Each structure stands twice: as structure tokens, then as C-alpha cells.
Amino acid sequence: MSHPTIAIPASQPSKAPRWKSWLSLDSRYVPPVFITLILLLGEFTYGILESYQKTLLAIGTAIIVELILGRIFLGKWPNVASAYITGISVGILLRSPAYWPYAVCAAIAITSKYVLRFRGKHLWNPSNFGICVVLFLLPTSVAMLSIQWGNNFWSLLVIWLLGSVILWRLRRLHITATYVVSFLALAVLRASIIHQPILAEISPITGPEYQLFIFFMITDPKTTVRSKTGQCIVASLVAVLEMFFRFDQSVYAPLYALFWVGPIAMLIETWLDARRTRSSSAAVLTPSSGMAHP
């Protein structure tokens, strides 16, 4: 006697509560929250902002330009988390008595993502590019934030611990770690060469501008090479070039170093990819030596 088959519905994976997805360290919204924490700690501790209005102008300009260019070039409304990070970076790092440089810098930064591209990739970190351009073209109108956290060790510790956890989950902590180790080693070397106290050469890395640099600029997934080894090499080269800029008394040394090293590394990687592709294509088209011919 046959028995009727009873269909048992397959169990559906339960969806995680929405609040857990927002708190997840893998969320694309974590970096904007983290950079906001840097801003708040720096502002409440030392007043690092030129003004709230100028920072909001930079953020608003970055978001508006991102939406417009994303719609034009991509045909869709882009996520603005990256634009927010760019805008807040400009608001923290730039110094000017006028308002317009903040808007101009943010607009240049976002525009570089869509215009300065090579084989589908943008080569510069947007905020690094925008700030370097205005510092070079408008030296009498703008400057860059250049203060340390003083003796407030706890503010720096909170940022480093939280930033390290986030980058570890994103598998990019090795980039920051390589740069920091390289910076410290080269700072000792600089101090011995120019006969300065070691702490004086190390102290810049405690500044709020360096927290943006080591946690956001040099780890930007869109403008770093793919291989882990390559990422570590690039981070070390940035520190080396920065050392030479510092010998020239450049207060913008880390930004200028990344401006040159980052895009060159991306171009070299693109060239190597193209070379490997051509080699693979040639190998496929070439008949094997053991094949019999009619």
C-alpha cells in the first residue's frame, strides 16, 4: 500500500534583524561612522575644525557632486558613503579663511573619481587628490591642519583600537601596520641624520590628520593594488618618499607621497595584468608541440 508523500517545506534561512546589519563591522556605513568619531573626538578635545559650516559645506558639495556625476556616468544614483568620507576629510584637513575652497576641494575630489580613470579604475584616493591639488594651486588661500593630540592619550587610543578592529575585519590592517612600522623606523633614521630628538620626528603620527591618512587614504580599496604583498610594498614606499619630502621641510609630506606612489602602483599593476592577459592569449592560440598535423 502506497503512502502519500507529504511535502515538507525547506527551511528558509532566517534573516538577521536589521539592527544587526547596521552594527555589523562589514557594513558599508561603518567607515563613515568611524570618521565621524574622529571628527568629534578631535573637535571636542582640541577644536580641530575651522568651522562647522565649512565642514558641512564640504560634505554637502561632495554628496551633491557624487549624485550628479554618478547619475551622468553610471546611469544610477550612487551610494554616498564614500562622498561623505571625502567631504568630512576635506572639512577636517583643509584650512582657509574663505568658504569657497572647501566646496572647490570637495568637488575636485569627487570629480577625479569619474574623470581621471584608466581602464575602468580611478587612480587617486579622492580626498588625497583634491587636497593636494588645492594645496599646490592655491598656496596663498589654503593650508592643511597640522596639530597633534597633545597629551590626550585616550582619544588616540580609542581611535587606534576601533580603527584596527575595523581594518582587521576588512582584511586591510596589514596596510596600516606596514606604513606605521615603516614611518617609525624612518623617523628614527631621520632623527639621526638631521640630529633632532626622536620624539619630535615621531610625534606627527599622533595628529588627527594622520588618523585620516592611515585609516582611510592608504587603505582605500578602490585605489590600492590587489595583492597583500603589493599593498605592503606600496605602504612602505609611501613612507620612504614621505621621508624625503620631510627632509625638504614639507608639512604635507604624507599626502604628497601617496599622491605619487599610489597611482604609479595602480598603473604598474594594470600593465602587469595586461601583460599576463596577452601571454595567456598567446599560449592558447599557439598549438602544442606534440600535436600531429594533417
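This is a predicted model, so every value here is computed, not measured.
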Report summary line: ring-ring contact (aromatic ring centres under 6.0 Å, His included) filter on F215, not counting sequence neighbours, yields F34, W160

Residue pairs, two or more places apart or on separate chains, that pass salt bridge (charged side-chain N to carboxylate O under 4.0 Å, His left out) and touch [range]:
| range | result |
| --- | --- |
| residues 61-81 | E66-K113 |
| residues 127-138 | none |
| residues 244-261 | E242-R246 |

**Report entry** Those residues that, when tested against R276, pass salt bridge (Lys or Arg N to Asp or Glu O under 4.0 Å) (two or more places apart)
**Finding:** D273

Query raised in the report: Who pairs with E50 by salt bridge (Lys or Arg N to Asp or Glu O under 4.0 Å), at least two apart in sequence or on another chain?
Result: K54, R95

Query raised in the report: Is there a donor-acceptor pair closer than 3.5 Å between any side-chain N or O of Q211 and the backbone N or O of G207?
Result: yes

Report task. With sequence neighbours excluded, give me every side chain to side chain donor-acceptor pair (under 3.5 Å) pair touching residues 231-240. Result -> H174-Q231, S182-S236

Query raised in the report: Taking only residues at least two apart or on different chains, which pairs with a member in residues 107-132 satisfy ring pair (Phe, Tyr, Trp, His ring centres under 6.0 Å)?
Result: F73-Y114, W124-F129, W124-F259, F129-F259

Report task. Provide the full list of ring pair (Phe, Tyr, Trp, His ring centres under 6.0 Å) pairs with a residue in residues 76-105, sequence neighbours left out, each pair given once. Result -> none

Query raised in the report: For F244, which fellow cluster members are found when Ile, Leu, Val, Met, Phe, Trp and Tyr are connected by side-chain heavy-atom distances below 4.5 angstrom, either directly or through intermediates?
Result: L186, L189, I193, I194, V240, M243, F247

Report summary line: For W168, the side-chain contact (heavy atoms from CB on, under 4.5 Å) test, sequence neighbours excluded, returns L173

**Report entry** Non-neighbouring partners of A274 that pass side-chain contact (heavy atoms from CB on, under 4.5 Å), sequence neighbours left out
**Finding:** R119, R278

